[in-house]
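Beneath this line is the structure, given in C-alpha coordinates, with notes to follow.
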2 protein chains.
Amino acid sequence: MRRDTFQAIADPTRREILDLIACKPLNINALAGRFSISRTAVYKHLRILLECDVIEIKQCGRERYCMPKPGKISAVRDWLDAFELKLRDVP
Amino acid sequence: MRRDTFQAIADPTRREILDLIACKPLNINALAGRFSISRTAVYKHLRILLECDVIEIKQCGRERYCMPKPGKISAVRDWLDAFELKLRDVP
DNA sequence: GACCCATGCAACCAAAAGGTTTCACATATT
DNA sequence: AATATGTGAAACCTTTTGGTTGCATGGGTC
(Lines give C-alpha, C1' and ligand atoms only; values in the text may rest on other atoms or scores of the structure.)
Protein backbone atom coordinates (compact mmCIF):
# COMPACT_ATOMS: atom_id res chain seq x y z
CA MET A 1 0.00 0.00 0.00
CA ARG A 2 1.32 3.37 -1.05
CA ARG A 3 0.87 5.55 1.99
CA ASP A 4 2.52 8.87 1.38
CA THR A 5 1.43 12.48 1.64
CA PHE A 6 0.68 12.71 -2.08
CA GLN A 7 -1.73 9.83 -1.71
CA ALA A 8 -3.23 11.41 1.39
CA ILE A 9 -4.27 14.58 -0.40
CA ALA A 10 -5.18 12.92 -3.69
CA ASP A 11 -8.74 12.25 -2.58
CA PRO A 12 -11.11 15.24 -2.50
CA THR A 13 -12.91 13.97 0.61
CA ARG A 14 -9.61 13.78 2.46
CA ARG A 15 -8.69 17.31 1.40
CA GLU A 16 -12.08 18.47 2.64
CA ILE A 17 -11.47 16.73 5.96
CA LEU A 18 -8.14 18.50 6.27
CA ASP A 19 -9.75 21.83 5.40
CA LEU A 20 -12.44 21.32 8.02
CA ILE A 21 -10.19 20.36 10.90
CA ALA A 22 -7.68 23.05 9.96
CA CYS A 23 -10.25 25.59 11.13
CA LYS A 24 -11.39 23.73 14.22
CA PRO A 25 -10.71 20.27 15.68
CA LEU A 26 -13.74 18.04 15.26
CA ASN A 27 -14.64 14.70 16.74
CA ILE A 28 -15.27 11.83 14.38
CA ASN A 29 -19.07 11.96 14.47
CA ALA A 30 -19.18 15.70 13.93
CA LEU A 31 -16.76 15.31 11.05
CA ALA A 32 -18.77 12.51 9.49
CA GLY A 33 -21.88 14.67 9.78
CA ARG A 34 -20.36 17.09 7.30
CA PHE A 35 -20.32 14.50 4.53
CA SER A 36 -22.97 12.57 2.69
CA ILE A 37 -21.08 9.31 2.97
CA SER A 38 -21.27 7.01 5.98
CA ARG A 39 -19.36 7.51 9.20
CA THR A 40 -17.39 4.36 8.47
CA ALA A 41 -16.31 5.74 5.10
CA VAL A 42 -15.11 8.95 6.74
CA TYR A 43 -13.40 6.92 9.41
CA LYS A 44 -11.49 5.01 6.74
CA HIS A 45 -10.27 8.27 5.26
CA LEU A 46 -9.17 9.30 8.74
CA ARG A 47 -7.16 6.10 9.09
CA ILE A 48 -5.39 6.83 5.84
CA LEU A 49 -4.66 10.40 6.95
CA LEU A 50 -3.36 8.98 10.24
CA GLU A 51 -1.14 6.46 8.49
CA CYS A 52 0.22 9.24 6.33
CA ASP A 53 0.90 11.19 9.51
CA VAL A 54 -0.91 14.32 8.40
CA ILE A 55 -3.46 14.32 11.22
CA GLU A 56 -3.52 13.35 14.86
CA ILE A 57 -6.35 12.26 17.10
CA LYS A 58 -6.72 13.15 20.74
CA GLN A 59 -9.02 11.33 23.10
CA CYS A 60 -11.29 13.52 25.17
CA GLY A 61 -13.64 11.49 27.29
CA ARG A 62 -15.44 9.21 24.93
CA GLU A 63 -14.85 11.53 22.00
CA ARG A 64 -11.82 11.66 19.76
CA TYR A 65 -10.86 14.95 18.21
CA CYS A 66 -9.09 15.12 14.89
CA MET A 67 -6.63 17.87 14.11
CA PRO A 68 -4.07 18.43 11.40
CA LYS A 69 -0.48 17.46 12.09
CA PRO A 70 1.75 19.78 10.12
CA GLY A 71 5.08 18.51 8.92
CA LYS A 72 4.54 15.71 6.47
CA ILE A 73 2.47 17.95 4.22
CA SER A 74 5.66 19.80 3.42
CA ALA A 75 6.83 16.80 1.40
CA VAL A 76 4.41 17.90 -1.29
CA ARG A 77 5.62 21.46 -1.17
CA ASP A 78 9.21 20.24 -1.33
CA TRP A 79 8.53 18.23 -4.47
CA LEU A 80 6.65 21.11 -6.05
CA ASP A 81 9.50 23.50 -5.29
CA ALA A 82 12.10 21.16 -6.76
CA PHE A 83 9.97 20.52 -9.82
CA GLU A 84 9.32 24.16 -10.57
CA LEU A 85 12.98 24.90 -10.01
CA LYS A 86 13.87 22.45 -12.77
CA LEU A 87 11.36 24.12 -15.02
CA ARG A 88 13.06 27.43 -14.42
CA ASP A 89 16.51 26.05 -15.13
CA VAL A 90 15.65 24.41 -18.45
CA PRO A 91 12.67 26.20 -19.94
CA MET B 1 -12.82 9.28 -13.23
CA ARG B 2 -11.26 11.84 -10.95
CA ARG B 3 -8.84 13.66 -13.19
CA ASP B 4 -7.33 16.54 -11.35
CA THR B 5 -3.81 17.69 -10.62
CA PHE B 6 -3.76 16.06 -7.20
CA GLN B 7 -4.54 12.75 -8.82
CA ALA B 8 -1.90 13.38 -11.49
CA ILE B 9 0.93 13.71 -8.99
CA ALA B 10 -0.36 11.06 -6.58
CA ASP B 11 1.43 8.26 -8.43
CA PRO B 12 5.21 8.03 -7.95
CA THR B 13 5.78 6.94 -11.55
CA ARG B 14 3.96 10.02 -12.80
CA ARG B 15 6.01 12.27 -10.54
CA GLU B 16 9.14 10.62 -11.89
CA ILE B 17 7.94 11.22 -15.44
CA LEU B 18 7.40 14.88 -14.61
CA ASP B 19 10.83 15.12 -13.01
CA LEU B 20 12.47 13.56 -16.07
CA ILE B 21 10.84 15.73 -18.68
CA ALA B 22 11.29 18.83 -16.54
CA CYS B 23 15.01 18.55 -17.27
CA LYS B 24 14.74 17.64 -20.93
CA PRO B 25 11.85 16.79 -23.27
CA LEU B 26 11.85 13.09 -24.09
CA ASN B 27 10.00 11.07 -26.67
CA ILE B 28 7.73 8.32 -25.46
CA ASN B 29 10.10 5.44 -26.13
CA ALA B 30 13.03 7.17 -24.46
CA LEU B 31 10.83 7.95 -21.51
CA ALA B 32 9.57 4.39 -21.25
CA GLY B 33 13.17 3.18 -21.36
CA ARG B 34 13.80 4.88 -18.03
CA PHE B 35 11.28 2.67 -16.26
CA SER B 36 11.08 -1.02 -15.55
CA ILE B 37 7.42 -1.20 -16.52
CA SER B 38 6.22 -1.64 -20.09
CA ARG B 39 6.00 1.16 -22.64
CA THR B 40 2.22 0.76 -22.65
CA ALA B 41 2.09 1.30 -18.90
CA VAL B 42 4.17 4.46 -19.20
CA TYR B 43 1.98 5.55 -22.07
CA LYS B 44 -1.10 5.18 -19.88
CA HIS B 45 0.49 7.41 -17.27
CA LEU B 46 1.20 9.94 -20.01
CA ARG B 47 -2.44 9.93 -21.01
CA ILE B 48 -3.47 10.67 -17.45
CA LEU B 49 -0.93 13.49 -17.25
CA LEU B 50 -2.28 14.81 -20.55
CA GLU B 51 -5.88 14.66 -19.36
CA CYS B 52 -4.86 16.51 -16.22
CA ASP B 53 -3.22 19.08 -18.46
CA VAL B 54 0.14 18.99 -16.73
CA ILE B 55 2.12 17.88 -19.78
CA GLU B 56 1.98 18.51 -23.50
CA ILE B 57 3.20 16.41 -26.39
CA LYS B 58 4.72 17.76 -29.58
CA GLN B 59 5.00 15.71 -32.74
CA CYS B 60 8.42 15.72 -34.37
CA GLY B 61 8.53 13.43 -37.38
CA ARG B 62 7.43 10.06 -36.12
CA GLU B 63 8.48 10.88 -32.59
CA ARG B 64 6.41 12.65 -29.96
CA TYR B 65 8.19 14.67 -27.34
CA CYS B 66 6.72 15.07 -23.90
CA MET B 67 7.27 18.22 -21.89
CA PRO B 68 5.74 19.66 -18.76
CA LYS B 69 2.95 22.18 -19.11
CA PRO B 70 3.10 24.53 -16.18
CA GLY B 71 -0.09 26.10 -14.92
CA LYS B 72 -2.35 23.40 -13.59
CA ILE B 73 0.29 22.25 -11.14
CA SER B 74 -0.29 25.49 -9.28
CA ALA B 75 -3.68 24.18 -8.14
CA VAL B 76 -1.79 22.01 -5.69
CA ARG B 77 0.30 24.89 -4.47
CA ASP B 78 -2.82 27.00 -4.10
CA TRP B 79 -4.51 24.39 -1.94
CA LEU B 80 -1.39 23.95 0.14
CA ASP B 81 -1.09 27.69 0.67
CA ALA B 82 -4.72 28.04 1.72
CA PHE B 83 -4.46 25.04 4.01
CA GLU B 84 -1.35 26.24 5.78
CA LEU B 85 -2.85 29.68 6.08
CA LYS B 86 -5.76 28.20 8.01
CA LEU B 87 -3.30 26.41 10.26
CA ARG B 88 -1.60 29.69 11.01
CA ASP B 89 -4.88 31.43 11.80
CA VAL B 90 -6.22 28.83 14.21
CA PRO B 91 -3.28 26.94 15.69
C1' DG C 1 -26.49 -2.04 36.73
C1' DA C 2 -28.90 -0.34 32.68
C1' DC C 3 -28.77 2.61 28.96
C1' DC C 4 -26.69 5.93 25.52
C1' DC C 5 -23.62 7.60 22.54
C1' DA C 6 -19.15 7.76 20.08
C1' DT C 7 -16.22 4.84 18.14
C1' DG C 8 -13.71 0.51 16.14
C1' DC C 9 -13.88 -3.05 12.97
C1' DA C 10 -15.11 -7.19 10.07
C1' DA C 11 -17.23 -8.75 5.79
C1' DC C 12 -18.60 -7.67 1.63
C1' DC C 13 -19.06 -5.17 -2.99
C1' DA C 14 -18.41 -2.39 -7.43
C1' DA C 15 -15.46 0.28 -9.77
C1' DA C 16 -11.05 2.20 -10.75
C1' DA C 17 -6.01 1.84 -11.01
C1' DG C 18 -2.03 -0.09 -12.73
C1' DG C 19 -0.12 -3.49 -15.07
C1' DT C 20 0.48 -7.05 -19.03
C1' DT C 21 0.49 -9.10 -23.97
C1' DT C 22 -0.79 -8.51 -28.50
C1' DC C 23 -1.80 -6.39 -32.69
C1' DA C 24 -2.38 -2.33 -35.97
C1' DC C 25 -0.51 1.53 -38.19
C1' DA C 26 2.35 5.42 -39.65
C1' DT C 27 6.79 7.21 -40.71
C1' DA C 28 11.91 6.67 -41.70
C1' DT C 29 15.58 4.13 -43.60
C1' DT C 30 17.76 0.85 -46.65
C1' DA D 1 9.41 -2.26 -51.92
C1' DA D 2 10.94 -4.19 -47.77
C1' DT D 3 12.22 -3.41 -43.22
C1' DA D 4 12.83 -1.16 -38.86
C1' DT D 5 11.22 2.06 -35.53
C1' DG D 6 7.87 4.85 -32.79
C1' DT D 7 3.44 5.02 -31.46
C1' DG D 8 -1.87 3.99 -30.47
C1' DA D 9 -5.02 1.04 -28.68
C1' DA D 10 -7.82 -3.21 -27.52
C1' DA D 11 -8.48 -7.08 -24.38
C1' DC D 12 -7.53 -8.92 -20.29
C1' DC D 13 -5.95 -9.54 -15.35
C1' DT D 14 -5.04 -8.47 -10.32
C1' DT D 15 -4.95 -5.36 -6.64
C1' DT D 16 -6.41 -1.17 -4.53
C1' DT D 17 -9.90 2.20 -3.54
C1' DG D 18 -13.95 3.89 -1.74
C1' DG D 19 -18.06 2.68 -0.29
C1' DT D 20 -21.75 -0.10 2.26
C1' DT D 21 -24.26 -2.73 6.34
C1' DG D 22 -24.01 -4.81 10.57
C1' DC D 23 -22.15 -5.78 14.95
C1' DA D 24 -18.92 -5.22 19.05
C1' DT D 25 -16.93 -2.30 22.51
C1' DG D 26 -16.03 1.26 25.80
C1' DG D 27 -16.57 5.39 28.22
C1' DG D 28 -20.46 8.67 30.36
C1' DT D 29 -24.99 9.09 32.47
C1' DC D 30 -29.22 7.84 34.65
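In what follows, chains carry the letters A, B, and so on, assigned in the order in which the sequence lines appear, proteins first and then strands, with residues in each chain numbered from 1. Scope of the values below: all heavy atoms of this structure, side chains included, with no hydrogens, waters or symmetry mates.
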Exercise for review: To the nearest Å, give me how far apart CD (B:Glu63) and P (D:dT5) are.
Suggested key: 12 Å

**Study point:** A:Tyr43 side-chain N/O to C:dT7 phosphate OP1/OP2 under 4.0 Å
**Key:** no

Exercise for review: Send over the distance from B:Gln7 CD to C:dG18 C1', rounded to a whole Å.
Suggested key: 12 Å

Practice item. May I have the distance from A:Leu46 (atom CG) to D:dG18 (atom C1'), rounded to whole angstrom? Key: 14 Å

Revision key, fill the gap. Closest heavy-atom pair, A:Thr13 versus A:His45, reported as atoms and distance to 0.1 Å, is CG2-CD2, 3.7 Å

Revision key, fill the gap. Rounded to whole Å, CD of A:Glu51 lies from C1' of D:dT17 at a distance of 13 Å

Got a list of side-chain donor-acceptor pairs under 3.5 Å for residues 33-40 of chain B, not counting sequence neighbours?
residue : atom : partner : partner atom : Å
B:Ser38 : OG   : B:Ala41 : N            : 3.1

Practice item. Check side chain to side chain donor-acceptor pair (under 3.5 Å) between A:Asn29 and all other residues, then give those that pass, not counting sequence neighbours. Key: none

**Study point:** Value in whole Å for how far the P atom of C:dA26 lies from CG of B:Asn27
**Key:** 20 Å

Practice item. With sequence neighbours excluded, tell me which residues meet salt bridge (charged side-chain N to carboxylate O under 4.0 Å, His left out) with A:Lys58. Key: none

Review point. Can you find a side chain N or O atom of B:Ser38 that sits less than 4.0 Å from OP1 or OP2 on C:dG19?
Key: no

Check your understanding: Between B:Ile37 (CD1) and C:dG18 (P), how many Å, whole number?
Key -> 10 Å

Point to revise | With A:Asp78 via side chain to side chain donor-acceptor pair (under 3.5 Å) - residues at least two apart | key: none

Review point. Among pairs that include at least one residue of residues 67-76 of chain B, which meet salt bridge (charged side-chain N to carboxylate O under 4.0 Å, His left out), considering only residues two or more places apart or in two chains?
Key: B:Asp53-B:Lys69, B:Asp53-B:Lys72

Exercise for review: Round to a whole Å and report the spacing from CG of A:Asp11 to P of C:dA17.
Suggested key: 11 Å

Review point. Think A:Arg3 has a side-chain N or O under 4.0 angstrom from the OP1 or OP2 of D:dT17?
Key: yes

Check your understanding: Are any of the side-chain heavy atoms of A:Asp19 and B:Trp79 separated by less than 4.5 Å?
Key -> yes

**Study point:** Integer-rounded Å distance: C:dC5 P and A:Ile28 CD1
**Key:** 18 Å

Check your understanding: Given C:dG19, is OP1 or OP2 found less than 4.0 Å from the side-chain N or O atoms of B:His45?
Key -> yes

Distances for protein N/O vs nucleotides 22-30 of chain D N/O pairs under 3.5 angstrom?
residue : atom : partner : partner atom : Å
D:dG27  : N2   : A:Arg62 : NH1          : 2.8

